[in-house]
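Source: prediction; values computed, not measured.
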Amino acid sequence: MALETAILRYGSSNLALPEAFKTAMGMSFISMVSMEIAMEITDYALTGGMQMQAWVIAPMLLMGFVTPLPFNYWRLKKYGKSCH
């Protein structure tokens with residue numbers, strides 16, 4: 001969160017600090033939480049418990065990547081710009 005806020009504040013967007021933090025929270029935080037939840041559910045569903053095993057890493061990463069895409073796409077279309 002701190003890194004993205006700094007990028008939005010001092011990067012090409014040059015947002016004010018409160019606006020940069022709000023943007024980072026609105027986009028990245030929700031995406032990160034949904035990604036983590038999807039990865040944990042995938043781990044639990046495939047292993048029968050919270051047991052990290054090597055073979056489950058690829059499906060976990062795939063689900064973690066795919067889950068926040070609709071939200072990020074909607075935010076991109078709604079505001080017309082990316083947070084990166």
Side-chain angles (χ1 to χ4, degrees):
M1 292 304 306
L3 177 62
E4 186 162 359
T5 300
I7 290 170
L8 289 168
R9 171 69 180 106
Y10 300 109
S12 61
S13 298
N14 202 25
L15 299 175
L17 186 60
E19 188 177 353
F21 181 74
K22 182 180 175 184
T23 301
M25 281 296 290
M27 294 183 85
S28 290
F29 186 72
I30 294 170
S31 293
M32 286 187 287
V33 169
S34 66
M35 176 193 70
E36 288 296 328
I37 290 171
M39 290 174 74
E40 296 298 331
I41 289 172
T42 303
D43 182 26
Y44 187 80
L46 294 178
T47 63
M50 303 304 267
Q51 310 164 27
M52 178 58 76
Q53 297 178 10
W55 65 269
V56 81
I57 294 173
M60 285 174 59
L61 290 174
L62 178 65
M63 292 308 296
F65 175 77
V66 171
T67 299
L69 286 179
F71 174 75
N72 291 338
Y73 179 78
W74 170 76
R75 293 282 295 204
L76 182 62
K77 288 297 183 183
K78 181 177 180 182
Y79 296 109
K81 62 181 180 179
S82 173
C83 62
H84 301 284

Which residues satisfy the side-chain contact (heavy atoms from CB on, under 4.5 Å) test with Met32, sequence neighbours excluded?
-> Met1, Ser28
Can you name the residues that form a side-chain contact (heavy atoms from CB on, under 4.5 Å) with Ile30, not counting sequence neighbours?
-> Phe71
Please report the interatomic distance [atom1]([X]) to [atom2]([Y]), rounded to the nearest 0.5 Å.
X	Y	atom1	atom2	result
Arg9	Glu4	CZ	CD	15.5 Å
Met60	Gln53	CE	CD	11.0 Å
Ile37	Met39	CD1	CE	12.5 Å

Minimum heavy-atom distance between [X] and [Y], given as atom pair plus value:
X	Y	value
Thr5	Ala24	OG1-CB, 3.6 Å
Met52	Val56	SD-CG1, 4.3 Å
Trp55	Leu46	CH2-O, 3.3 Å

Without placing hydrogens or testing angles, list every side-chain donor-acceptor pair under 3.5 Å for residues 61-70, not counting sequence neighbours.
unit_1	atom_1	unit_2	atom_2	d
Thr67	OG1	Met63	O	2.7

Phe29 with Phe21, same ILVMFWY side-chain cluster at under 4.5 Å | yes
